[in-house]
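Quick one: the structure is below, and I'll ask about it shortly.
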Amino acid sequence: MRHLLSVDDLDRADIERVCDRARSFAEVGRRDIKKVPTLRGRTVVSLFYEASTRTASSFELAAKRLSADVVSVKSAGSSVDKGESLRDTIATLSAYEPEAIVIRSPEAGAAALVAGWTEAAVVNAGDGKHEHPSQALLDVYTLIDHVGPLDGKRIWIVGDVAHSRVARSCIRAFLTMGAEITVAGPPTLIPRGIEALGCDVAYDLDGLGEADVVYALRMQRERMRQAFVPSLREYAVNYQIDARRLGPRQLVMHPGPVNRGVELAADVIDGPASLITAQVASGLLVRMAILYEILAGGERPRPLSTVRPEASEDAPIGEPA
Ligand code: CP
């Protein structure tokens with residue numbers, strides 16, 4: 001894998017390989033010194049043009065756990081505030097000869113553009129309403145961890161599908177892994193023609209009981225340029241996932257951040273059906289696996305056996321003890 005731009009570029013074997021790699025990294029997190037030397041001497045740039053807590057922090061921590069040097073740039077407070085263009089920003093940061101650039105942008109297609117402007121491998125950490133592939137990979141990993149293989153599992157994705165890059169990536173990834181997908185929400189928030197991706201559509205939650213997993217989406221008010229629902233209160237009455245709507249065996253996911261009391265009720269967020277914290281924990285492992293895959297997997301630019309651990313006595317991933 002040269003870049004991670006879209007789930008469309010991944011087949012089932014690719015997703016399974018990333019998940020297997022992520023699983024192997026879980027052991028690193030249990031060590032006293034939670035580091036392996038795999039990416040020592042490599043530089044990872046994290047460039048965020050939009051707010052982020054989970055994605056930015058987990059990519060940064062993932063790179064550090066792999067011993068990479070990390071440069072984190074947020075558009076606010078950088079020379080972007082002085083009018084520097086994306087292309088010039090990439091040219092500037094590319095002067096450090098990074099091996100990878102992780103980028104989040106409000107513009108669909110930004111990551112793909114960046115991939116054409118730099119020698120670095122590019123990871124799409126969310127581009128507008130388009131895609132959020134690392135979120136989809138961590139969600140697949142989390143689900144397999146909790147319910148086993150996704151073949152035949154029924155997943156309902158509920159809420160603001162229209163503005164959700166998470167939905168677009170997750171639908172593709174879950175289908176690739178054999179799940180059956182229904183997207184549900186008010187007609188104004190379900191894109192016309194989304195069935196072409198291979199999912200079913202529902203405009204109410206009457207059939208929610210069939211779902212093994214309910215994946216709630218955030219109401220993305222920052223991307224709404226008009227009123228898509230009469231009010232959040234009315235939206236919550238019709239589409240909020242609360243304990244009364246869930247059966248005892250159903251699991252709940254959400255990419256975060258959650259609008260508490262809008263798409264999810266507090267009793268569900270904090271209840272036993274919630275995988276939300278597990279998703280965040282998986283994010284670190286899966287993003288380690290993504291960086292490994294693009295920088296040390298496949299063609300392996302540098303044999304792992306040429307680097308030895310400095311601080312850790314534990315055997316690093318990919319090396320003999
Ligand atoms: N799920 C997600 O992308 O969260 P952040 O915006 O906090 O990164």
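Just so you know, ligand 1 is whichever comes first in the structure, and atom 1 is the first atom listed for that ligand.
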**Message:** So for Glu50, does at least one of its heavy atoms come nearer than 4.0 angstrom to any atom of ligand 1?
**Reply:**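 Checking ligand 1 against Glu50, which is what was asked, there is no heavy-atom contact under 4.0 Å.
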**Prompt:** In ligand 1, which numbered atoms sit nearer than 4.0 Å to a non-hydrogen atom of Arg54?
**Reply:** 4 (O), 5 (P), 7 (O), 8 (O)
**Check: Glu131/Ser6 side-chain N/O donor and acceptor closer than 3.5 Å** = yes
**Asked** So is Arg104 actually on top of Phe48's ring, under 6.0 Å and inside 45° of the axis?
**Response**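 No, a cation-pi geometry is absent between Arg104 and Phe48.
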**Request:** For Thr53, take its heavy atoms, then give the atoms of ligand 1 lying under 4.0 Å from any of them.
**Result:** 5 (P), 7 (O), 8 (O)
**Prompt:** In the protein, which heavy atom is nearest to atom 6 (O) of ligand 1, and how far is it?
**Reply:**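 That would be Arg104 NH1, 2.9 Å.
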**Message:** With no hydrogens and no angle check, just 3.5 Å: does a side-chain donor-acceptor pair link Tyr215 and Asp139?
**Reply:**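 Checked: Tyr215/Asp139 side chains pair up, N/O donor to acceptor below 3.5 Å.
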**Request:** Could you tell me whether Pro257 and ligand 1 have an N or O pair separated by under 3.5 Å?
**Result:** no
**Prompt:** Polar-atom distance check: Ala56 versus ligand 1, any N or O pair below 3.5 Å?
**Reply:** no
**Prompt:** Rounded to the nearest 0.5 Å, what separation is found between the CZ atom of Arg287 and the OG atom of Ser282?
**Reply:** 10.0 Å
**Request:** Specify the protein heavy atom at minimum distance from atom 1 (N) of ligand 1: its residue, its atom name, and the distance to 0.1 Å.
**Result:** Pro255 O, 2.8 Å
**Prompt:** In this structure, are over 12 heavy atoms from other groups packed under 6.0 Å from Glu97 atom CD?
**Reply:** no
**Message:** For Gly126, state whether at least one heavy atom is located under 4.0 Å from any atom of ligand 1.
**Reply:** no
**Asked** Salt bridge between Asp14 and Arg17, side-chain N to carboxylate O under 4.0 Å?
**Response**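 Salt bridge flag = yes for Arg17 with Asp14.
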**Prompt:** Taking only heavy atoms of Gly256, which atoms of ligand 1 are found under 4.0 Å from at least one of them?
**Reply:**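 Contacts of ligand 1 toward Gly256, numbered from 1: 1 (N), 2 (C), 4 (O).
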**Message:** Taking 4.0 angstrom as the limit and counting only heavy atoms of Gln135, give me the atoms of ligand 1 inside it, by number and element.
**Reply:** 1 (N), 2 (C)
**Item:** Salt-bridge criterion met for Arg154 and Asp200 (N-O under 4.0 Å)
**Value:**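 Judged by the 4.0 Å cut-off on N to carboxylate O distance, Arg154 and Asp200 do not form a salt bridge.
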